[in-house]
Enquirer: 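The structure under discussion is supplied below as structure tokens; questions concerning it will follow.
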2 protein chains.
Amino acid sequence: MSNKFEIDPLLDFDLLKKLVVGIGEVSDITGVPTRKIRYWEEKGIIESEKEGEGTTRRYNYLNIKKILLIQELIEEGFTLDAAAKKVEDRMKNINEVFLKLANSASNKKEVE
Amino acid sequence: MSNKFEIDPLLDFDLLKKLVVGIGEVSDITGVPTRKIRYWEEKGIIESEKEGEGTTRRYNYLNIKKILLIQELIEEGFTLDAAAKKVEDRMKNINEVFLKLANSASNKKEVE
DNA sequence: CTTATTTTGTAACTAGGTTACAATACATGT
DNA sequence: ACATGTATTGTAACCTAGTTACAAAATAAG
């Protein structure tokens, strides 16, 4: 029915959830300067997880994925805003799938 | 083999070639301000047919089509330059088909 | 030949997007 | 805890893309 069994061994969501990095690493990974990342966040285009007031930004898999997608569209010739809007739509699907997989993975663990 | 016979009665290329208008009409047709059309031409994005030095711009079907395509892409969120590049590719096909049809049409006329 | 349309150049202008700087706050290892 | 590296902001500067206004001179068209 699903391809759950194929990707299951590859995706450890419990690990993935812990895989959270600072803005510097995001910049290294994506090639987007830190100042630019913050600017995009100011504009409401991307989000980061702040673990409280007066703390530093933290980025998880989905946050970083979004940044990468936006960058791609900009390179394709889209406006920043247009790229943001397009990615917004795509992220809805990605989030959905991600959560679905994450849940089925943790359910499985409970059964074990 | 081809759909030539279906569109043949609709497309009179001898007429189409004569269907050439000034920049004002192009602006009315496309909704793009005349100043903008000239600016795009300055940048080498579109072309018009000047019938000699010190004359006014004239636009045929393909010229106008190009303007419309560019405008669409800009509305989709593309940069002017990016839109121009994309349309450039599309126009190659359109031109080809157009010429092919135009030739077969005039050939047919000669046979008649 | 008179009225409407076009052509240019110049210049102004908006805004989109990015970046530099610097002073302050935060994180982290040993 | 203290020293070193990393993050956070605000402010301001910056660049370029893209568009538009204006106005005087040239063309077109009825």
Side-chain angles (χ1 to χ4, degrees), chain A residues 17-61 63-64 66-88, chain B residues 17-61 63-64 66-88:
Chain A
K17 280 173 192 163
K18 288 174 199 152
L19 210 54
V20 162
V21 299
I23 198 170
E25 286 207 53
V26 175
S27 179
D28 290 344
I29 293 168
T30 62
V32 180
T34 61
R35 202 68 191 80
K36 201 186 242 181
I37 294 173
R38 292 196 200 92
Y39 170 70
W40 288 1
E41 188 165 338
E42 267 178 40
K43 288 198 69 178
I45 289 174
I46 56 172
E47 310 89 32
S48 62
E49 316 172 334
K50 284 211 174 184
E51 288 152 358
E53 275 306 294
T55 59
T56 62
R57 281 169 248 258
R58 317 250 79 201
Y59 297 86
N60 60 24
Y61 172 80
N63 297 146
I64 300 173
K66 195 169 180 181
I67 292 173
L68 284 171
L69 288 176
I70 289 172
Q71 205 193 10
E72 279 173 27
L73 289 186
I74 287 176
E75 277 164 11
E76 274 182 43
F78 281 96
T79 294
L80 175 60
D81 286 335
K85 201 166 287 178
K86 276 204 169 249
V87 168
E88 200 55 41
Chain B
K17 280 173 192 162
K18 287 173 200 154
L19 211 52
V20 162
V21 298
I23 197 169
E25 285 207 54
V26 175
S27 178
D28 290 343
I29 293 169
T30 62
V32 180
T34 60
R35 202 67 192 81
K36 200 185 242 182
I37 295 173
R38 292 194 200 95
Y39 170 70
W40 288 1
E41 188 165 339
E42 268 177 40
K43 288 199 68 177
I45 290 174
I46 55 172
E47 310 90 31
S48 61
E49 317 171 331
K50 283 211 175 183
E51 288 153 356
E53 275 307 294
T55 59
T56 62
R57 281 168 248 257
R58 315 251 79 202
Y59 297 85
N60 61 25
Y61 172 80
N63 298 145
I64 299 174
K66 195 169 181 182
I67 293 173
L68 284 171
L69 288 176
I70 289 172
Q71 206 195 7
E72 278 173 27
L73 290 186
I74 287 175
E75 276 163 12
E76 275 182 41
F78 281 96
T79 296
L80 176 60
D81 286 336
K85 201 167 287 177
K86 277 206 167 240
V87 167
E88 199 56 40

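Per chain, numbering begins at 1; letters A, B, ... match sequence-line order. These numbers come from a predicted model, not from an experiment.
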Enquirer: Which pair of non-hydrogen atoms, one from E41(B) and one from S48(B), has the smallest distance, and what is that distance?
Expert: OE2-OG, 2.8 Å
Enquirer: From I74(A) CD1 over to D81(A) CG, what is the distance, rounded to the nearest 0.5 angstrom?
Expert: 9.5 Å
Enquirer: Under a 4.0 Å heavy-atom cut-off, which of residues 25-38 of chain A touch DNA chain C?
Expert: P33(A), R35(A), K36(A)
Enquirer: Output the distance between atom CG (L69(B)) and atom CD (E88(B)), rounded to the nearest 0.5 Å.
Expert: 11.0 Å
Enquirer: What is the 5' to 3' range of DNA chain C, first to last nucleotide, that sits under 4.0 Å from any heavy atom of chain B?
Expert: dT6(C) to dT10(C)
Enquirer: How close do T34(B) and G24(B) get, heavy atom to heavy atom, and via which atoms?
Expert: CG2-CA, 4.3 Å
Enquirer: How about K50(B): does its NZ atom have over 12 heavy atoms from other parts shown lying under 6.0 Å from it?
Expert: yes
Enquirer: Calculate, to the nearest 0.5 Å, the distance between atoms CD1 and CD1 belonging to I45(A) and I70(A) respectively.
Expert: 6.0 Å
Enquirer: Going from CD on E49(A) to CG on N63(A), what distance comes out if it is rounded to the nearest 0.5 angstrom?
Expert: 5.5 Å
Enquirer: Which heavy atom of E76(A) sits nearest a heavy atom of A82(B), and at what distance?
Expert: O-CB, 4.3 Å
Enquirer: Please report the distance, rounded to the nearest Å, between OH in Y59(A) and P in dT8(D).
Expert: 7 Å
Enquirer: Between I29(B) and Y59(B), does the side-chain contact (heavy atoms from CB on, under 4.5 Å) criterion hold? Intermediate values first, please.
Expert: CA-CA 11 Å; I29(B) 293 169; Y59(B) 297 85; over 6 Å; no
Enquirer: NZ of K66(B) to CD of E47(B): how many Å apart, nearest 0.5 Å?
Expert: 4.0 Å
Enquirer: Which pairs, protein N/O on one side and nucleotides 26-30 of chain D N/O on the other, fall under 3.5 Å?
Expert:
from: dT27(D); atom 1: O5'; to: G54(B); atom 2: O; distance (Å): 3.2

Enquirer: What heavy-atom pair brings S27(A) and P33(A) nearest, and what distance separates the two atoms?
Expert: OG-CA, 3.8 Å
Enquirer: Using atom CD of E42(A) as one end and atom C1' of dA12(D) as the other, report the distance to the nearest whole Å.
Expert: 13 Å
Enquirer: Specify the angle, to 10°, made by the local axes at the two ends of the helix from dC1(C)-dG30(D) to dT30(C)-dA1(D) when five pairs are taken at each end.
Expert: 40°
Enquirer: If I compare all heavy atoms of I46(B) with all of I37(B), which pair ends up nearest, and what's the gap?
Expert: CD1-O, 3.5 Å
Enquirer: If you compare all heavy atoms of K36(B) against all heavy atoms of V32(B), which two are closest, and at what distance to 0.1 Å?
Expert: CD-CG1, 3.6 Å
Enquirer: Output the distance between atom OG1 (T30(A)) and atom CD (E25(A)), rounded to the nearest 0.5 Å.
Expert: 11.5 Å
Enquirer: Applying salt bridge (charged side-chain N to carboxylate O under 4.0 Å, His left out), name anything that partners K86(B), two or more places apart in sequence or on another chain.
Expert: none
Enquirer: Scan residues 67-83 of chain A against DNA chain D and write down, sorted by residue number, each residue with any heavy atom closer than 4.0 Å; if none is found, say none.
Expert: none
